[in-house]
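Inspection log for the structure reproduced underneath, given as structure tokens.
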Amino acid sequence: MKHLSIHLRGPFTSLYDEVGLRRDFRRSLNFIFLGNLCGTIFGIVCGSGTTAMVGLASSLGAKDLHFGIIAALMQASALLQIPFSMLVSRTHKRKKYLLTYGLISRAVWLIFGLIPILIPSSPGWLRLYSLIFLVGISSFMASAINVCWFPWFSDLAPLSIRGRWLSHRDTVISVVSVGMGLVIAWLLDTLPPQSRYIIIFLVGGAFGMMDMINFGFCTEVYNTPPSKLRIRSVMKSMLKDKPFVHFLIMWTAWCFTANMGGVYMTPYAMNVMGLNAMQIMIFATIAGSVATVLCINRWGVAMDRYGCRSVMMITCIVASLTPAFYLLQTKGSIWPTLLHNFIGAAFWCGANLAANSMQLSSSPDDLRPTYIAVFSSVTALVGGTLGSLAGGTLLDMCESHGWFTGWFDRYKALFLLEVILRLGFVLILVPKLSNDKEGSARDLLKHMIPGKKKA
């Protein structure tokens, strides 16, 4: 056990030593890392756009709009983060909520694969809508997770090491995701159809539960005393906080355009272009993980030198363009999927890292759970739910009117629209964000180009 503890501290020891972190805080952050690792494996299996979910939903008769509804439910549930955040601020019981609501949310996924066995096949819609119902239950219960673990991490990790801790975490998680992704894809392609989803979702649900259980071993610490917040006064404070409002608007627009087309990329690649589970896992999930491993620490260093806004501008511009690779998609071709996910992940991992850091830095300590809850609710409801439903509605509209048939199909039309809107929002909204360093996006770009590094 002692050897295991030393091993787990390895990637983060220098960071802990740098700030002289207490022993129990180090142990807690290591358990948070283990929880995040289990949660990532859970996410490979369980989610609106995973190969397992797309395969199961498709086998139950899901169409484009159904995939949009599933994704929208997961996003819309973020509205419950606001009352949960108020509850957390008043009671200081993060551990209790993660070990109840969080565990229930993850345990629900254990029965997804049993739907074809437990639910009658008649009427024909019953199994599909049972799946959607379970997604709703799990998503609503999961609303407590984000407002508990992220502020908890913030209270444990000093500001000076948070960005590097997250980048180290993402690197390790990406490496593990590669191996686990291959295992899941192999299981999906080789297990008998009658037991395939039973086993896959049992594995995914178990890892999700282990994610929550790890928080039971963490020291529960709060940097502010319990407070009974009034949502009206908090909202007034937020609306006067211009850096927070500008960031909220920008990230909501980014999430809207990303979900508008992104939700339908895996169903398109699998159901229309004929890629199998192993191909999707290798050329999408694993390719993205490899790109993240190669680039995430570089973006962390760039943030420390040139600021979050500089990183956000460069990464979002390139990531906005990568869905255009799908315009080259032909039946059976893996290259568009590979290029989008590898090049895209190399840059959107930097955007996500900058967004995480800006989310923490733009929220005051005493109101952080509520700020995070409102941020998550708005970006999820407007950016996620409406984005997913807008994409599904456009696809259904094109299909019913016979628009965009042949090579340039309705999916490619949607992906092109996504590229145009994402790039436009980035160029208009990112410059309005505040920067935490003196460096500019131009300075960062010069640093990235060989032979033009700034002294």
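Heads up: numbering here begins at 1 and tracks the sequence.
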Please walk me through it: do Asp241 and Lys236 pass salt bridge (Lys or Arg N to Asp or Glu O under 4.0 Å)?
CA-CA 9 Å; Asp241 192 338; Lys236 285 183 179 180; over 6 Å; no
Would you check, one step at a time, whether the test side chain to side chain donor-acceptor pair (under 3.5 Å) holds for Ser105 with Ser138?
CA-CA 4 Å; Ser105 168; Ser138 175; 3.3 Å; yes
Begin with the C-alpha distance, continue with both residues' side-chain angles, and end with the deciding distance and a verdict on side-chain contact (heavy atoms from CB on, under 4.5 Å) for Val203 and Met180.
CA-CA 11 Å; Val203 171; Met180 196 63 191; 4.1 Å; yes
Check step by step if side-chain contact (heavy atoms from CB on, under 4.5 Å) holds for Val172 and Phe33.
CA-CA 10 Å; Val172 176; Phe33 164 73; 3.4 Å; yes
Candidate pair Tyr97 and Thr91, rule side chain to side chain donor-acceptor pair (under 3.5 Å), full reasoning:
CA-CA 10 Å; Tyr97 301 141; Thr91 63; 2.9 Å; yes
When you look at Tyr101 and Phe140, which way does the ring-ring contact (aromatic ring centres under 6.0 Å, His included) test go after all the steps?
CA-CA 9 Å; Tyr101 298 113; Phe140 294 143; over 10 Å; no
Between His246 and Trp251, is the ring-ring contact (aromatic ring centres under 6.0 Å, His included) condition met? List the steps.
CA-CA 9 Å; His246 289 161; Trp251 200 248; over 10 Å; no
Should Leu275 and Ile334 be marked as a side-chain contact (heavy atoms from CB on, under 4.5 Å) after you check the CA-CA gap, both sets of side-chain angles, and the distance that decides it?
CA-CA 7 Å; Leu275 274 63; Ile334 54 90; 4.0 Å; yes
Steps toward side-chain contact (heavy atoms from CB on, under 4.5 Å) verdict (Thr266, Val54)
CA-CA 8 Å; Thr266 299; Val54 170; 3.9 Å; yes
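Here Phe347 and Trp299 bring their ring centres to under 6.0 angstrom of each other. Ring to ring, Phe247 and Phe375 are close: their centroids are under 6.0 angstrom apart. Less than 6.0 angstrom separates the ring centroid of His340 from the ring centroid of Trp348. Two rings, from Tyr411 and Tyr264, have their centers 6.0 Å or more apart. Two rings, from Trp165 and Phe12, have their centers less than 6.0 Å apart.
Residues Met358 and Pro243 have side chains not in contact (no heavy-atom distance under 4.5 Å, counting atoms from C-beta outward). Put simply, the side chain of Phe425 reaches to within 4.5 Å of the side chain of Thr257, judged on heavy atoms. Within the 4.5 Å cutoff, the side chain of Gln329 has no heavy atoms near those of the Val272 side chain. In this structure, the side chains of Ile44 and Met281 come closer than 4.5 Å at one or more pairs of heavy atoms. A 4.5 Å side-chain heavy-atom check between Lys93 and Val88 finds every atom pair outside the cut-off. You'll find the side chain of Lys242 stays beyond 4.5 Å of the side chain of Val245, heavy atoms only.
In this structure a side-chain-to-backbone donor-acceptor pair under 3.5 Å is missing from Ser28 to Cys218. Remark: side-chain polar atoms of Ser143 are paired, donor with acceptor, to backbone N or O of Ser77 under 3.5 angstrom. Judged purely by atom type and a 3.5 angstrom limit, Ser333 has no side-chain atom pairing as donor or acceptor with the backbone of Thr330. In this structure, the side chain of Thr40 engages the main chain of Asn36 through a donor-acceptor pair within 3.5 Å. One N or O on the side chain of Thr379 and one on the backbone of Ser376 form a donor-acceptor pair closer than 3.5 Å. Counting only distance, with no hydrogens or angles, the side chain of Ser85 and the backbone of Val147 share no donor-acceptor pair below 3.5 Å. For Asp409 (side chain) and Thr405 (main-chain N/O), no donor-acceptor pair under 3.5 Å exists by modelled atom type. Judged purely by atom type and a 3.5 angstrom limit, Lys412 has no side-chain atom pairing as donor or acceptor with the backbone of Tyr326. Side-chain atoms of Ser289 come within 3.5 Å of backbone atoms of Thr285 as a donor-acceptor pair (strictly under, hydrogens ignored).
Annotation for Lys331: atom NZ counts as buried by contact number, over 12 foreign heavy atoms lying within 6.0 Å. More than 12 heavy atoms of other shown residues, nucleotides or ligands fall within 6.0 angstrom of atom NZ in Lys95. The environment of CZ in Arg162 is crowded: more than 12 heavy-atom neighbours from other residues, nucleotides or ligands sit within 6.0 Å.
With Phe342 as reference, Leu294 is the one residue of Leu294, Thr322, Ile286 to meet the side-chain contact (heavy atoms from CB on, under 4.5 Å) rule. With respect to Phe415, the ring pair (Phe, Tyr, Trp, His ring centres under 6.0 Å) criterion is satisfied by exactly one of Phe404, Phe408, Tyr268, Phe325: Tyr268.
Contacts of Asp211 classified as side-chain contact (heavy atoms from CB on, under 4.5 Å), with partners at least two apart in sequence or in another chain: Cys38, Arg106, Phe215. Listed by chain and residue number, Phe256 satisfy the side-chain contact (heavy atoms from CB on, under 4.5 Å) test with Ala390 (two or more places apart in sequence, or in another chain).
In terms of heavy atoms, Ile119 sits closest to Ser130 at CG2-OG, 3.8 Å. When all heavy atoms of Met212 and Leu103 are compared, the closest pair comes out as CG-N, 3.8 Å. What you find for Ala72 and Thr385 is that their closest heavy atoms are O-OG1, 3.0 Å. In terms of heavy-atom proximity, Arg309 sits nearest to Leu433 at NH1-O, 2.7 Å. Closest non-hydrogen pair, Ala354 versus Cys308, comes out as CB-O, 3.8 Å. Taking every heavy atom of both residues into account, Ser320 and Pro323 meet most closely at O-CD, 3.3 Å.
Here the OG-NE2 distance, from Ser58 to His66, works out to 11.5 Å after rounding to the nearest 0.5 Å. Interatomic distance, Ile70 CD1 to Leu134 CG, rounded to the nearest 0.5 Å: 11.0 Å. Taking NE2 from His168 and CG from Leu15, the interatomic distance works out to 4.5 Å, rounded to the nearest 0.5 Å. Annotation: the span from Phe31 atom CZ to Leu156 atom CG amounts to 13.0 Å, rounded to 0.5 Å. Expressed to the nearest 0.5 Å, how far OG of Ser357 lies from CE of Met303 amounts to 4.0 Å. One finds the OG1 atom of Thr393 at 10.5 Å from the CG atom of Leu414 (value rounded to the nearest 0.5 Å).
Aromatic ring orientation, His401 versus Trp403: parallel (interplanar angle below 30°, classes split at 30° and 60°). Ring geometry for Tyr197 against Phe201 counts as tilted: the plane angle lies between 30° and 60°, on a 0 to 90° scale. Under the 30°/60° scheme for interplanar angles, the aromatic rings of Trp109 and Phe112 are found to lie parallel.
Under a cutoff of 6.0 Å and an axis angle of 45°, Arg422 and Trp254 form a cation-pi pair.
Ion pair Arg410/Asp64 flagged as a salt bridge, since at least one NZ, NE, NH1 or NH2 atom sits closer than 4.0 Å to an Asp/Glu carboxylate oxygen.
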